[in-house]
Amino acid sequence: MSLKAILFDFNGVIIKDEEINLRLIDEILLQENLQPQRDNERQTSLGRSDRAYFQELLHNRGRVLSEEYLTQLLKQKGQMYVQELEKLEKLPLYSGIDDLIFQARSHNLKLGLVSGAIRQEIDIVLQRAQLAEHFPVVVAGDDINTSKPEPDGYLLAVTRLNQKYPDLNLQTQECLAIEDTPAGIQAAKRAQMQVVGVANTYPFHMLQRCCNWTVDYLTDLELERVQEVFSQKELQPTADK
């Protein structure tokens, strides 16, 4: 079995924007005359889609919204996010992204991005960081009805990569996911992918328990070593979902 594709998470792997996201969500809750997030809610938000998290926050406050209104709130948050980034002279990107992309492309690996963030937020970051051309496949929170830790986003990314590259014949076991939260790691594992946990959001020792590889920083990831491990494994039939 060979490594054919690397699938990146977005928040917490490419951009350090947790503080921005949580502040904007609080602003929207206050605009809706609702209490801001509690500490335990903030913790459970990590790795989940904005839609799923908003639904939980509103449910906890006794508010039931239509899908249309929820979509409206998400679009509002996306617009606020873009405005916040426009205020920044430099995006808070994590180091090592450019180098890892260069390594992946030099080994002819396909790249994708799987996130619960809405596409508007992802697009502005990829464009400003001049990364958009490297991610031909992006699965955003708008594209699926579920959230990590469900594997749907990763499975859709594999489908889209195969559609874009018909000769690739990509299997989920031939993908490496890069994640920073237990929810994201679990989603990739459920999709039968191997996972690199990067300790940007959770401590190294916590991620080490559930990942195939764990690094403090993306710059620590030895891609050639990962490829060697893949080459030593036999491709197993994908289990029925």
Side-chain angles (χ1 to χ4, degrees), residues 7-61 63 65 69-95 97 113-129 131-132 135 138-150 153 177-187 197-203 206-207 218:
L7 300 176
F8 289 73
D9 182 32
F10 179 65
N11 309 104
V13 170
I14 290 179
I15 186 168
K16 186 177 183 180
D17 61 356
E18 177 187 341
E19 182 179 336
I20 295 173
N21 278 311
L22 293 175
R23 176 161 45 83
L24 295 180
I25 290 170
D26 272 345
E27 288 184 23
I28 290 176
L29 289 174
L30 290 171
Q31 289 173 15
E32 293 290 313
N33 295 316
L34 298 172
Q35 291 183 343
Q37 302 159 90
R38 296 181 283 271
D39 288 342
N40 65 313
E41 290 175 326
R42 289 171 177 261
Q43 190 66 26
T44 60
S45 74
L46 300 175
R48 300 175 61 201
S49 73
D50 283 353
R51 178 175 290 274
Y53 185 46
F54 261 114
Q55 285 176 323
E56 180 178 293
L57 288 174
L58 295 167
H59 175 77
N60 291 347
R61 287 151 180 77
R63 181 74 66 85
L65 298 181
Y69 195 81
L70 181 57
T71 298
Q72 182 180 326
L73 290 182
L74 291 171
K75 287 182 178 179
Q76 180 184 351
K77 189 249 180 182
Q79 292 167 354
M80 294 165 66
Y81 182 90
V82 170
Q83 292 170 358
E84 287 297 309
L85 292 194
E86 287 174 346
K87 299 175 185 177
L88 302 177
E89 184 176 342
K90 184 178 180 181
L91 293 180
L93 301 177
Y94 285 102
S95 62
I97 296 294
L113 191 151
V114 180
S115 173
I118 63 174
R119 186 168 294 274
Q120 182 180 14
E121 298 178 11
I122 296 171
D123 285 347
I124 187 65
V125 171
L126 295 183
Q127 290 166 8
R128 273 195 59 181
L131 295 174
F135 292 97
V138 173
V139 175
D142 318 57
D143 297 321
I144 53 176
N145 296 321
T146 59
S147 170
K148 298 174 184 177
E150 297 301 320
I178 300 181
E179 281 282 357
D180 67 306
T181 65
I185 293 164
Q186 191 175 0
V198 57
N200 291 335
T201 307
Y202 284 83
M206 186 178 294
L207 300 183
L218 281 183

Inset, instruction - Mind checking the CZ-CG spacing from R63 to L34? Nearest 0.5 Å is all I need. - result: 4.5 Å
Legend entry - Rounded distance (nearest 0.5 Å) linking atom CG of L46 with atom OG1 of T44: 8.0 Å
Legend entry - Closest non-hydrogen atom pair between L73 and L58, with its separation: CD1-CD1, 4.3 Å
Inset, instruction - Verify side-chain contact (heavy atoms from CB on, under 4.5 Å) between V198 and E179, making sure each step is shown before the conclusion. - result: CA-CA 6 Å; V198 57; E179 281 282 357; over 6 Å; no
Inset, instruction - Would you check if the side chain of S147 reaches a backbone N or O of S49 as a donor-acceptor pair within less than 3.5 Å? - result: yes
Inset, instruction - Apply side-chain contact (heavy atoms from CB on, under 4.5 Å) to the pair F135 and I14, showing each step before the final yes or no. - result: CA-CA 12 Å; F135 292 97; I14 290 179; 4.1 Å; yes
Inset, instruction - Determine whether S115 and I122 make a side-chain contact, defined as any pair of heavy atoms from C-beta on separated by less than 4.5 Å. - result: yes
Inset, instruction - Provide the closest heavy-atom pair for Y202 versus P182 in the form atom of the first, atom of the second, distance. - result: CE1-CD, 3.4 Å
Legend entry - Which atom of A117 lies closest to which atom of D50, heavy atoms considered: CA-OD2, 4.3 Å
Inset, instruction - Looking only at non-hydrogen atoms, find the nearest pair between Y94 and K16 and report the distance. - result: OH-CG, 3.3 Å
Legend entry - Straight-line distance of I118 CD1 to Y81 OH, nearest 0.5 Å: 10.0 Å
Legend entry - Minimum side-chain heavy-atom gap Q55-L65 below 4.5 Å: no
Inset, instruction - Can you see which heavy atom on L29 is nearest to which on L57, and at what distance? - result: CD1-CD1, 4.1 Å
Inset, instruction - Answer yes if the side chains of Q186 and E150 hold a donor-acceptor pair under 3.5 Å, and no otherwise. - result: no
Inset, instruction - Decide yes or no on salt bridge (charged side-chain N to carboxylate O under 4.0 Å, His left out) for D142 and R51, but give the supporting numbers first. - result: CA-CA 9 Å; D142 318 57; R51 178 175 290 274; over 6 Å; no
Inset, instruction - Inspect the contact between R119 and D143 and indicate whether a charged nitrogen and a carboxylate oxygen are less than 4.0 angstrom apart. - result: yes
Legend entry - R61 and E32: CA distance, side-chain angles, deciding distance, salt bridge (charged side-chain N to carboxylate O under 4.0 Å, His left out) verdict: CA-CA 11 Å; R61 287 151 180 77; E32 293 290 313; over 6 Å; no
Inset, instruction - Please say which of R42, R48, Q37, E41 ends up in a side-chain hydrogen bond (donor to acceptor under 3.5 Å, both in side chains) with Y53. - result: Q37
Legend entry - Side chain proximity check, V139 to L113, heavy atoms < 4.5 angstrom: no
Legend entry - Residue pair L218, I178: steps toward the side-chain contact (heavy atoms from CB on, under 4.5 Å) verdict: CA-CA 9 Å; L218 281 183; I178 300 181; 3.9 Å; yes
Inset, instruction - Output the distance between atom CD1 (I20) and atom CD (E84), rounded to the nearest 0.5 Å. - result: 6.5 Å
Legend entry - Reported CG-to-CZ distance for the pair D17 and R23, which is rounded to 0.5 angstrom: 11.0 Å
Inset, instruction - Taking all non-hydrogen atoms of both residues into account, name the closest pair between L93 and A129 and its distance. - result: CD1-CB, 3.6 Å
Legend entry - SB check K77 E27 (cutoff 4.0 Å): no
Inset, instruction - Check the surroundings of atom CD in E19: do more than 12 heavy atoms from other residues, nucleotides or ligands lie under 6.0 Å from it? - result: no
Inset, instruction - Give, for atom CG of L24 and atom CD of Q83, the distance between the pair rounded to the nearest 0.5 Å. - result: 9.0 Å
Legend entry - Audit row: N60, R38, side-chain contact (heavy atoms from CB on, under 4.5 Å) steps and yes/no: CA-CA 11 Å; N60 291 347; R38 296 181 283 271; 3.9 Å; yes
Legend entry - Side chain proximity check, K148 to D9, heavy atoms < 4.5 angstrom: yes
Inset, instruction - Indicate whether any N or O donor in one side chain lies under 3.5 Å from an N or O acceptor in the other, for D180 and N200. - result: no
